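Okay, so here's the structure we're looking at.
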There are 2 protein chains.
Amino acid sequence: MESNLGWLMNRAGHIWRTVVDHYMAELGLTQTRWVALLVLDKVGEGCTQTVLAANVGVEQPSLVRTLGQLEEAGLIERRTNPEDGRCRTVWLTDAGRELLGKMEVVARDGRKLLLKGVSSEQRKMLHDVLEIIISNAQAVLEEERK
Amino acid sequence: MESNLGWLMNRAGHIWRTVVDHYMAELGLTQTRWVALLVLDKVGEGCTQTVLAANVGVEQPSLVRTLGQLEEAGLIERRTNPEDGRCRTVWLTDAGRELLGKMEVVARDGRKLLLKGVSSEQRKMLHDVLEIIISNAQAVLEEERK
DNA sequence: AGCACATAGTTAGCATGCTAACGAAATAGA
DNA sequence: TCTATTTCGTTAGCATGCTAACTATGTGCT
């Protein structure tokens with residue numbers, strides 16, 4: 001019954017990303033890159049790479065590579081931070097902002113397809129439960145780190 | 001509000017796997033390998049590699065590598081199929097079955113930690129909603145394939 | 001029977017995730 | 001003040017996912 005909830009969580013998360021990626025590919029973006037862009041927009045421009053990595057859900061070195069690619073593609077830029085020489089802040093370029101507009105349309109359309117047959121009540125519950133699970137997981141990982 | 005449901009789905013699926021993996025590592029297993037073993041058990045021994053790959057949620061070549069590793073570790077074996085020379089069926093060895101027993105304990109404990117604070121009603125709804133989403137996604141991918 | 005096509009598994013090579021280790025800059029403590 | 005530690009970004013190298021292409025076997029059409 002609930003013995004495969006973890007299993008379903010994984011499948012659902014993975015296949016969701018695959019579907020959206022299918023459409024994002026038409027914009028010339030790979031999964032890694034559009035995820036980074038969307039999260040940058042969500043977190044807010046000017047954040048540090050560490051903060052961005054944590055929100056994307058990858059380790060810093062993984063993000064460094066992706067940001068390098070996005071920078072090379074002229075979608076973002078990294079600026080040095082006068083207040084803290086260790087950090088570099090991340091910003092969208094005009095081209096990046098323009099692309100993001102298109103991406104949001106794609107993400108919304110994908111969401112609509114994937115949530116077909118799911119009531120608004122269920123959506124709300126899903127949202128809440130997912131947040132609980134993520135919070136629990138973070139607590140566990142935090143605890144284990146010691 | 002619901003604009004980041006896809007985002008949460010992904011995070012939750014990913015972090016769930018990370019947490020369980022944390023404990024599975026103590027059994028000497030990597031994420032890829034324990035997932036394959038659990039799914040083999042769920043789908044049933046004697047299935048073909050294609051069926052197993054579909055259920056694990058990876059492409060065949062990815063699974064081939066993993067099965068090679070599991071076979072080398074003496075946890076599974078691949079047998080030729082007398083009825084269809086193209087297929088090879090996958091079976092657990094005694095060592096594999098024994099390890100699986102331990103893995104199920106780990107998976108159950110992990111699930112317990114991750115679902116803390118989630119009511120049984122919410123669990124049921126989560127289960128149903130995830131199945132709807134997966135089903136929708138499969139339909140979309142199927143459609144796109146044409 | 002024979003030829004085109006489909007299917008299962010595999011191999012090769014690329015993309016992307018990770019950990020480990022490093023340098024530069026900030027911070028804390030003697 | 002100056003030394004040890006922490007933090008941020010990076011590089012290097014390994015593990016694992018993917019697609020493309022190949023071989024072997026089965027299937028279907030003529």
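Being a predicted model, the structure only gives us computed values, none of them experimental. Chain A is the first sequence line, chain B the second, and so forth, proteins listed ahead of strands; every chain is numbered from 1.
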Q) How many Å lie between CG on Leu63(B) and P on dT11(C), as a whole number? A) 13 Å
**Q.** Salt-bridge contact Glu45(B)-Arg97(B) (side-chain N to carboxylate O under 4.0 Å)
**A.** yes
Q) Quick one: what's the B/S/- string for nucleotides 2-16 of chain D, heavy-atom cutoff under 4.0 Å, read 5' to 3'? A) -----BSBBB----B
(Q) Can you tell me if Glu98(B) has over 12 outside heavy atoms packed within less than 6.0 Å of its CD? (A) no
Side-chain donor-acceptor pairs of residues 131-138 of chain B under 3.5 Å, sequence neighbours excluded:
unit_1    : atom_1 : unit_2    : atom_2 : d
Asn136(B) : ND2    : Leu114(A) : O      : 2.8
Asn136(B) : ND2    : Lys116(A) : O      : 2.8

Q: Determine whether more than 12 heavy atoms belonging to other residues, nucleotides or ligands lie under 6.0 Å from atom NZ of Lys42(B).
A: yes
Q: Report the distance from atom CG of Asp21(B) to atom P of dC18(C), rounded to the nearest whole Å.
A: 12 Å
(Q) Nearest whole Å is fine: how far is dA8(C) P from Glu83(B) CD? (A) 14 Å
Q. Does Lys112(A) pair with Asp109(A) as a salt bridge, N-O distance under 4.0 Å?
A. no
Sequence neighbours excluded and cut-off under 3.5 Å, please list the side-chain donor-acceptor pairs for residues 72-79 of chain B, or say none.
unit_1   : atom_1 : unit_2   : atom_2 : d
Glu77(B) : OE2    : Arg79(B) : NE     : 3.2
Glu77(B) : OE2    : Arg79(B) : NH2    : 3.0
Arg78(B) : NE     : Glu71(B) : OE1    : 3.1
Arg78(B) : NH1    : Gln49(B) : OE1    : 3.2
Arg78(B) : NH2    : Glu71(B) : OE1    : 3.3

Q | Pairwise 5' ranking along DNA chain C for Arg17(A) and Pro82(A), keeping only the more 5' one | A | Arg17(A)
**Q.** Whole angstrom value for the distance that separates P of dA21(D) from CD of Glu59(B)
**A.** 16 Å
